[in-house]
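All ligand and atom numbering here is 1-based and tracks the order in the structure.
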Amino acid sequence: MDILIRDTPDQVAQTAADIVEIYVRRGQTIGLATGSTPLGLYRELIRRHREEHLSFAGIDAFCLDEYIGLPADHEQSYHRFIRDNFTSQVDFADERVHSPDGMDPRPWVAAELYEKHIRDVGGISVQVLGVGTNGHIGFNEPASPLRARTRVETLHQQTLSDNARFFSSPEEVPTHAITQGLGTILDARHPLLLATGEGKANAIAAMVEGPLSASCPASVLQLHDQVTVVVDKPAASQLADIDYYRHMESARPEWMGLDGLPVD
Ligand code: GLP
């Protein structure tokens with residue numbers, strides 16, 4: 001894993017945008033996460049679109065997950081979240097911004113169709129990820145099957161309580177979601193996980209330095225050969241080998257781009 005430690009959430013967003021931009025400029029498919037963490041990244045990509053001609057025309061974007069039972073236009077649906085906070089503010093074609101259909105009466109069929117859709121466009125190149133305080137990615141909660149494809153998940157009580165802040169009452173938080181499975185996420189060419197704040201420190205330490213275990217679903221990324229984790233100092237604060245991660249970045253060979261490939 002490339003572990004990049006930054007002083008501030010703004011710098012996390014800058015570095016993440018540098019990585020996403022590589023794939024966008026190549027016209028490749030991107031995977032998008034919801035939650036508050038990637039908002040700085042999306043703001044920076046919007047700025048680059050307006051000021052630096054970064055164009056999203058002609059590319060596809062796939063959301064990681066969607067609540068079951070929220071209409072697409074509901075304020076808290078991820079379909080709407082990603083449009084309000086990112087894609088409608090750049091030149092994405094709306095019909096190329098995809099998310100699972102959380103209103104399908106047969107959500108397991110919607111999950112299979114979504115998986116097929118990702119496969120049909122040739123897979124996701126860079127997949128933006130946040131992490132839950134319990135180590136979930138997408139909505140893959142502890143005990144998730146490590147090789148699963150897009151599927152229906154029951155949200156953990158911790159996630160229900162973490163996400164209650166976005167709803168007017170905790171009872172309104174949907175109890176289930178359709179999420180890309182851990183196996184789907186592992187198929188992305190380059191998972192890019194962002195975390196800020198002390199609340200994520202334990203999850204980051206478990207993911208990077210703990211055992212590979214379904215108890216910390218994010219630890220499945222240890223199996224991937226091109227993962228970048230960008231964290232601010234508070235989120236990095238529980239990492240035991242932090243000096244090595246800093247050294248790894250400062251000793252990075254000049255020829256190696258942030259995507260792990262030789263720079264053109
Ligand atoms: C939700 C999303 C995850 C996200 C997590 C963390 O549960 N399904 O994709 O990573 O929240 O959110 P935040 O970035 O707001 O802490």
Side-chain angles (χ1 to χ4, degrees), residues 6 8-10 12-13 16 20 30-44 61-70 74-82 84-86 97-100 102 107 111 114 124 126-144 148 150-167 170 172-182 184-186 188 191-204 206-208 216-221 227-232 234-236:
R6 298 292 180 262
T8 64
D10 264 0
V12 169
V20 173
I30 63 177
L32 300 174
T34 51
S36 44
T37 311
L39 289 177
L41 161 66
Y42 298 148
R43 277 194 297 270
E44 176 58 15
F62 284 86
C63 293
L64 266 178
D65 45 16
E66 181 59 280
Y67 287 119
I68 291 180
L70 292 191
H74 187 285
E75 260 198 337
Q76 293 305 329
S77 81
Y78 288 170
H79 175 98
R80 175 145 168 212
F81 177 100
I82 214 67
D84 287 354
N85 290 290
F86 179 33
V97 179
H98 315 288
S99 46
Y114 196 63
I124 292 168
V126 64
Q127 174 63 62
V128 177
L129 297 165
V131 63
T133 54
N134 64 357
H136 76 231
I137 51 176
F139 268 130
N140 293 281
E141 301 285 21
S144 285
T150 302
R151 68 199 180 88
V152 174
E153 175 66 304
T154 307
L155 303 193
H156 197 281
Q157 301 92 309
Q158 177 71 53
T159 305
L160 296 176
S161 107
D162 285 350
N163 290 1
R165 66 189 194 280
F166 298 115
F167 292 82
E172 281 178 41
V173 188
T175 53
H176 293 77
I178 299 174
T179 181
Q180 286 186 33
L182 295 173
T184 317
I185 293 169
L186 280 181
L192 167 63
L193 187 140
L194 315 180
T196 54
E198 213 179 335
K200 300 292 172 67
N202 288 333
I204 290 296
M207 171 184 92
V208 176
C216 174
S219 69
V220 79
L221 296 174
V227 176
T228 304
V229 179
V230 193
V231 286
D232 66 358

Which protein N or O atoms sit under 3.5 Å from any N or O of ligand 1? Give each pair with its distance.
| residue | atom | partner | partner atom | Å |
| --- | --- | --- | --- | --- |
| ligand 1 | 7 (O) | His136 | NE2 | 2.9 |
| ligand 1 | 7 (O) | Asn163 | ND2 | 3.4 |
| ligand 1 | 8 (N) | Asp65 | OD2 | 2.8 |
| ligand 1 | 8 (N) | Gly138 | O | 3.1 |
| ligand 1 | 10 (O) | Val131 | N | 3.4 |
| ligand 1 | 14 (O) | Ser36 | N | 3.3 |
| ligand 1 | 14 (O) | Thr37 | N | 3.0 |
| ligand 1 | 14 (O) | Thr37 | OG1 | 2.4 |
| ligand 1 | 15 (O) | Ser36 | N | 2.7 |
| ligand 1 | 15 (O) | Ser36 | OG | 2.6 |
| ligand 1 | 15 (O) | Arg165 | NH2 | 3.1 |
| ligand 1 | 16 (O) | Lys200 | NZ | 2.6 |

Gap between atom CG of Asn134 and atom OG1 of Thr159 - 0.5 Å precision: 4.5 Å
Side chain to side chain donor-acceptor pair (under 3.5 Å) against Ser77, all qualifying residues, sequence neighbours excluded: none
Over 12 foreign heavy atoms within 6.0 Å of CD, Glu172: yes
Min side-chain heavy-atom separation Leu32-Phe86 under 4.5 Å: yes
Sub-6.0 Å ring centroid separation between Tyr67 and Phe166: no
Aromatic ring pairing His98/Phe62, orientation class (parallel under 30°, perpendicular over 60°, tilted between): tilted
